[in-house]
**Q** 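Take this structure, written in C-alpha cells, and hold onto it; I'll ask about it next.
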Amino acid sequence: MHKTFKKFAALLATLTLTLGLTACNDKETAKDNQTSTIAQLKQADKVRIGVFSDKPPFGFVDAQGKSQGFDVEIGKAIAKDLLGDESKAEFILVDAANRAEYLVSNKVDIILANFTVTPARQEVVDFANPYMKVALGVVSKDGSVITDLAQLKDKTLIVDKGTTADIYFSKKYPDVKLLKFEQNTETFEALRDGRGDALSNDNTFLFAWAKQNPGYTVGVKNFGDQDVIAPAVKKGDSELLNWLNEEIVKLSKDGFLKQAYQKTLAPVYGDSVSESDILVEYK
C-alpha cells in the first residue's frame with residue numbers, strides 16, 4: 001500500500017508539473033499571437049472611424065457621397081498622425097443608438113460621432129480626452145416656442161433614441177411624452193410634420209440647425225449637466241486609448257481644433273457661438 005501511495009504521489013506531481021507547463025506555454029503562445037491594436041491598424045493601413053451621416057456640421061454626407069464635418073476633420077487628422085495619410089481614415093456611418101455597439105462588435109476602431117461622455121457609456125466603452133463641451137437644448141416652432149422645460153408637461157417631445165436627451169427626460173420628466181427615432185433626419189422630419197411639440201438634442205447641434213432652418217427657435221438654450229464629447233474606443237484597449245489621449249492634447253495645442261472649428265462650425269454659427277463655448281482647450 002505504501003508503494004502504491006508513492007506511485008500515486010509521483011503521478012500526481014508529474015501531472016501537476018505537466019499542466020503547469022502547458023498553462024505557461026498557452027499563455028506565452030497567446031502573448032506571442034496577440035498583436036497590439038496600433039500594429040494591427042498599421043498592418044491594415046487604415047483606421048475605421050464611426051461618424052454621423054445626418055448631424056451637420058459635425059458629421060454628414062455631402063452631394064458627392066463623402067463624409068464631412070467637424071468630427072470628420074478630426075478623424076482625418078488622427079489618420080494622418082497614426083498612419084501618415086488622412087486618406088487612410090475609413091469613415092463608417094453610425095446612428096446615435098448603435099455607436100457603442102459598433103465598437104463592441106469590432107465594426108469600427110474609434111467612434112467620433114458627437115459622443116457625449118456619461119457614466120453608463122463609460123461602463124461599455126473607454127473615452128479618450130474630450131475635445132468639445134456640450135449641454136442640452138430644446139428647439140420648437142416659432143409662434144409656439146418652448147422657453148421653459150415646465151411647458152413640456154403633457155406635450156410630445158421628439159428625441160433620438162439612446163441620446164443624452166432621451167436619458168435625461170426619461171429619468172427626470174416622466175410626464176413628458178417622448179417620441180423616439182433612430183436617426184436625426186427622422187426626428188427633424190417629425191418636428192416639421194407637427195408630430196411633436198418640440199425637439200431636444202445637443203445645444204451645439206440645435207443652434208446650427210435652427211440657423212439653417214428659419215421658423216424655428218432654440219427657446220431653451222442650456223440645461224442639464226455641462227457635458228463633454230470625446231472619442232471612444234473598445235473597452236480595455238489601453239494602447240489606442242493612451243495614443244488618442246495624447247493626440248487630442250496635441251490637436252488642441254497645435255491649433256488644429258481651432259482650424260477645424262473655423263472650417264466647419266464658424267460658417268454655421270457666425271457670431272452666435274464662439275470657439276471657447278465649444279472647444280475644450282489644453283494648455
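Since the structure is predicted, the reported quantities are computational estimates derived from the model, not experimental observations. FYI, the numbering just counts along the sequence from 1.
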**Q** Do the non-hydrogen side-chain atoms of Leu244 and Asn129 ever get within less than 4.5 Å of each other?
**A** no

**Q** Would a line drawn from the ring center of Tyr282 to the ring center of Tyr131 be shorter than 6.0 Å?
**A** no

**Q** What do the steps show when you test Lys161 against Thr187 for side chain to side chain contact (heavy atoms under 4.5 Å, CB included), and what is the final call?
**A** CA-CA 10 Å; Lys161 190 181 296 183; Thr187 60; over 6 Å; no

**Q** Quick one: closest heavy-atom pair of Lys211 and Val268, and the distance?
**A** CD-O, 2.6 Å

**Q** Decide side chain to side chain contact (heavy atoms under 4.5 Å, CB included) for Phe52 and Arg99; before the verdict, give the C-alpha distance in whole Å, the side-chain angles of both, and the deciding distance to 0.1 Å.
**A** CA-CA 9 Å; Phe52 280 131; Arg99 288 171 290 188; 3.6 Å; yes

**Q** When you compare the side chain of Leu152 with that of Ile146, does any pair of heavy atoms fall below 4.5 Å?
**A**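 Yes; the side chains approach each other to less than 4.5 Å.
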
**Q** State, with a plain yes or no, whether a side-chain heavy atom of Ile248 is found less than 4.5 Å away from one of Pro130.
**A**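 No. Closest side-chain heavy atoms not under 4.5 Å.
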
**Q** Should Asp202 and Lys55 count as an ion pair when the cut-off is N to O under 4.0 Å?
**A**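 Yes, Asp202 and Lys55 are salt-bridged.
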
**Q** Might you point out which heavy atoms bring Ala89 and Gly75 nearest each other, and give the distance in Å?
**A**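 Looking at all heavy atoms of both residues, the closest pair is CB-O, 3.9 Å.
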
**Q** May I ask you to check whether Gln259 and Glu73 show a side-chain donor-acceptor distance below 3.5 Å?
**A** no

**Q** Considering only heavy atoms from C-beta outward, does the side chain of Trp209 approach that of Leu199 to under 4.5 Å?
**A**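 With C-beta onward as the side chain, the pair stays apart.
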
**Q** Could you pull out the closest heavy-atom pair between Val51 and Leu112, with the gap in Å?
**A**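 Scanning both residues, the minimum pair turns out to be CG1-O, 4.1 Å.
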
**Q** Are Asp154 and Lys177 within salt-bridge range, i.e. N to O under 4.0 Å?
**A**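 A salt bridge is absent here (no side-chain N lies under 4.0 Å from a carboxylate O).
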
**Q** Take Ile92 and Lys107, measure what side chain to side chain contact (heavy atoms under 4.5 Å, CB included) needs, and give me the verdict at the end.
**A** CA-CA 8 Å; Ile92 308 294; Lys107 293 178 181 177; 5.7 Å; no

**Q** Using a strict threshold of under 4.0 Å (side-chain N to carboxylate O), is an ion pair present between Asp45 and Lys88?
**A** yes

**Q** What is the minimum heavy-atom distance between Val72 and Ser67, and which atoms define it?
**A**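 Looking at all heavy atoms of both residues, the closest pair is CG1-O, 3.5 Å.
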
**Q** Do the side chains of Phe256 and Tyr261 join up, straight or via other hydrophobic residues, at under 4.5 Å, putting them in one cluster?
**A**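 They do share one cluster, since a chain of ILVMFWY contacts under 4.5 Å joins Phe256 to Tyr261.
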
**Q** Answer with yes or no after comparing the ring centroid distance for Phe188 and Phe181 against a 6.0 Å cut-off, counting only values under it.
**A**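 Ring centres of Phe181 and Phe188 not closer than 6.0 Å.
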
**Q** Please tell me if the side chains of Asp81 and Trp243 come closer than 4.5 Å, counting only heavy atoms from C-beta onward.
**A**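 Yes, their side chains come closer than 4.5 Å.
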
**Q** Mind checking whether Leu157 and Leu179 have side chains closer than 4.5 Å, heavy atoms only?
**A**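 The answer is no; the side chains never approach within 4.5 Å.
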
**Q** Any donor-acceptor pair under 3.5 Å linking the side-chain atoms of Asp95 with those of Asn184?
**A** no

**Q** Run the side chain to side chain donor-acceptor pair (under 3.5 Å) test against Lys253 and tell me which residues pass, sequence neighbours left out.
**A**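 So Lys253 forms no side chain to side chain donor-acceptor pair (under 3.5 Å) with any residue.
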
**Q** Are Asp227 and Thr116 linked by a side-chain donor-acceptor pair shorter than 3.5 Å?
**A** no

**Q** Among residues at least two apart in sequence or on other chains, which ones pass salt bridge (Lys or Arg N to Asp or Glu O under 4.0 Å) with Lys235?
**A** Asp126

**Q** Could you check whether any side-chain heavy atom of Phe127 comes within less than 4.5 Å of a side-chain heavy atom of Val125, counting everything from C-beta outward?
**A**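 The answer is yes, as the side chains (C-beta and beyond) meet within the 4.5 Å cut-off.
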
**Q** Are Leu82 and Ile110 joined in one hydrophobic group, where the rule is that I, L, V, M, F, W and Y side chains link up if heavy atoms are under 4.5 Å apart?
**A** yes

**Q** List the atom of Phe58, the atom of Met132, and the distance in Å for their closest heavy-atom pair.
**A** CE2-CE, 3.5 Å

**Q** Looking at Glu90 and Arg48, is any side-chain nitrogen of the basic one under 4.0 Å from a carboxylate oxygen of the acidic one?
**A** no

**Q** Does the pair Lys66/Asp62 count as a salt bridge with the N-to-O cut at 4.0 Å?
**A** no

**Q** Thr118: what forms a side chain to side chain donor-acceptor pair (under 3.5 Å) with it, not counting sequence neighbours?
**A** none

**Q** Side-chain contact, heavy-atom cut-off 4.5 Å: Asn203 with Lys221?
**A** no

**Q** Does any donor atom in the side chain of Thr163 or Asp166 lie under 3.5 Å from an acceptor atom in the other side chain?
**A** no

